[in-house]
> 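Pasting a structure here, questions to come.
Just the heavy atoms: all of them, side chains too, but no hydrogens, waters or symmetry mates, feed the values below.
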Amino acid sequence: MYLRVLGSAAGGGSPQWNCGCANCIAVRAGHAALRPRTQASAAVSADGQHWFLLNASPDVRAQIDSFPALHPRRLRDTPIGGIALNNGDVDACLGLFILREDQPLVVYASEAVERGLREHNALTRTLERRPGQLIWNRLRAGEVVPLVGAAGPSGLTIEAVPVPGTVPLHMKGLAAPTPEDNLALMLRDARGHSLMYAPTTAARTPLLDERARTADVLVFDGTFFRDDELTSLGLTTRSARDMAHWPLGGLEGSLRWLAQLPCRRKILTHINNTNPILRAGAPEHDELRAAGVEAAYDGLEVEL
Ligand SMILES: [Zn+2]
């Protein structure tokens, strides 16, 4: 299986258009230690020919351009068979509308995510102008299903692992929370290699623990280092945990949990632009390395 990280930042990217934090200033200044990052998404493939996107970020157009394996091979064509969505957040789904040019695509999503997009958003109709333009496949908690793209089987299976999260901000009050609002996506190939993609996770659960242990490669929520990362800057009154992100640092942080997992590689994605792990030389950056955990960057490739 091949994994290509297309984007590694949380919603807003890095730099974020309206952010003047130390990290965003350094990225704009071209500081060598801080690279620009687009919003989190990844591409996976069993054979390097047929690809699936994990989430369609608002930056999807530039992300496809940045990776030749995703370029068309004929006049109208794409090696992308479809998109699997881990939740219904704007930063996970907005890219669907960028991919509207009448290209057959398969979307794998939970019922909650599909309903949010199809019943509460008129823009989705532009993806359904004719039958077969967008094919919806249901992800159900605990079910392992083959990942089949518009041009046929991908050679991968996908399992939806419910993990603590929240209903998307724009759906608050419109839909009751369900366990399938937020998923970790478990991909497996025919050789038994496995990848867990969990870019948004609010907390540890026994199920997450059990599945993460079996993954050869774990791509995990690296949004915030501290619970008060944004509140201490005076940017919001909502803590990391209020925003359904398990912070990395501290005794109860995810870094300690990640450090003891046997996965071959543990890679953080969905990294918020304020996160100190992005600054080489910061103690938090060193803490990451000591835990055997990597920070993803746009263009990171892993073969497993
Ligand atoms: Zn910033």
Side-chain angles (χ1 to χ4, degrees), residues 4 6-7 11 38-46 49-65 67 69-141 143-160 167-171 174-175 178 180-183 185-187 197 199-200:
R4 162 94 175 196
L6 298 173
T38 62
Q39 292 161 94
S41 173
V44 288
S45 175
Q49 305 293 319
H50 302 86
W51 292 84
F52 255 83
L53 302 187
L54 306 180
N55 291 342
S57 94
D59 299 311
V60 68
R61 189 180 157 278
Q63 290 171 340
I64 290 171
D65 245 11
F67 186 34
L70 301 182
H71 294 175
R73 299 148 298 189
R74 293 180 296 280
L75 185 57
R76 278 287 184 278
D77 171 67
T78 178
I80 301 168
I83 302 114
L85 301 173
N86 98 291
N87 68 28
D89 288 346
V90 166
D91 41 324
C93 301
L94 194 60
L96 283 180
F97 306 105
I98 315 292
L99 303 177
R100 72 192 181 282
E101 282 83 10
D102 198 9
Q103 179 68 45
L105 288 171
V106 181
V107 175
Y108 283 75
S110 70
E111 182 180 2
V113 171
E114 182 182 332
R115 287 173 71 118
L117 284 164
R118 299 181 82 185
E119 296 175 12
H120 294 279
N121 182 3
L123 281 180
T124 304
R125 297 175 69 196
T126 199
L127 302 171
E128 299 182 320
R129 284 173 292 176
R130 61 170 183 79
Q133 184 182 350
L134 209 62
I135 299 149
W136 293 86
N137 272 0
R138 188 61 54 79
L139 289 175
R140 293 180 182 85
E143 256 184 38
V144 178
V145 293
L147 203 53
V148 181
S154 67
L156 299 171
T157 63
I158 186 165
E159 178 186 358
V167 293
L169 219 46
H170 59 273
M171 289 297 291
L174 291 177
T178 82
E180 293 179 337
D181 285 327
N182 191 53
L183 305 169
L185 303 175
M186 193 86 188
L187 290 308
Y197 189 73
T200 49

> With a 4.5 Å cut-off on side-chain heavy atoms, are His71 and Thr78 touching?
no
> Calculate, to the nearest 0.5 Å, the distance between atoms CZ and CG belonging to Phe52 and Leu147 respectively.
4.0 Å
> Give a yes-or-no answer on whether the side chains of Gln63 and Thr38 include a donor-acceptor pair shorter than 3.5 Å.
yes
> Could you give the distance from CG (Leu185) to CG (Asn86), rounded to the nearest 0.5 Å?
5.5 Å
> For the CG atom of Leu99 and the CG atom of Leu94, what is their distance to the nearest 0.5 Å?
10.0 Å
> State, without any angle test, whether Asp89 and Thr200 hold a side-chain donor-acceptor pair at a distance under 3.5 Å.
no
> Specify the closest pair of heavy atoms between Asn87 and Ala92, including all atoms of both residues, with the distance to one decimal.
OD1-CB, 3.4 Å
> Nearest 0.5 Å, what's the CD-CD distance between Glu180 and Glu111?
7.5 Å
> If you draw a 6.0 Å radius around CZ in Arg125, do more than 12 non-hydrogen atoms from other residues or ligands fall strictly inside?
no
> Start with the C-alpha gap between Leu127 and Trp136, add the side-chain angles, then the distance that decides, and say whether side-chain contact (heavy atoms from CB on, under 4.5 Å) holds.
CA-CA 11 Å; Leu127 302 171; Trp136 293 86; 5.7 Å; no
> If I take atom CZ from residue Phe67 and atom CH2 from residue Trp51, how far apart are they, to the nearest 0.5 angstrom?
3.5 Å
> Would you say CZ of Arg118 has more than 12 non-hydrogen atoms from neighbouring residues, nucleotides or ligands within 6.0 angstrom?
yes
> Using side-chain contact (heavy atoms from CB on, under 4.5 Å) as the criterion, point out the one residue from Ile64, Leu70, Val60 that pairs with Leu6.
Leu70
> Could you tell me whether the side chain of Arg129 and the main chain of Arg100 form a donor-acceptor pair under 3.5 Å?
yes
> Would you name the heavy atoms of Leu183 and Ser110 that are closest together and state the gap between them?
CD1-CB, 4.2 Å
> Can you confirm whether Tyr108 sits close enough to Val148 that some side-chain heavy atom of one is under 4.5 Å from a side-chain heavy atom of the other?
yes
> Just by distance, do the side chain of Asp59 and the backbone of Gln39 share a donor-acceptor pair under 3.5 Å?
yes
> Between the side chains of Asp102 and Arg76, is the shortest nitrogen-to-carboxylate-oxygen separation below 4.0 Å, so that they form an ion pair?
no
> Return the CZ to CD1 distance between Arg61 and Ile98, rounded to the nearest 0.5 Å.
9.0 Å
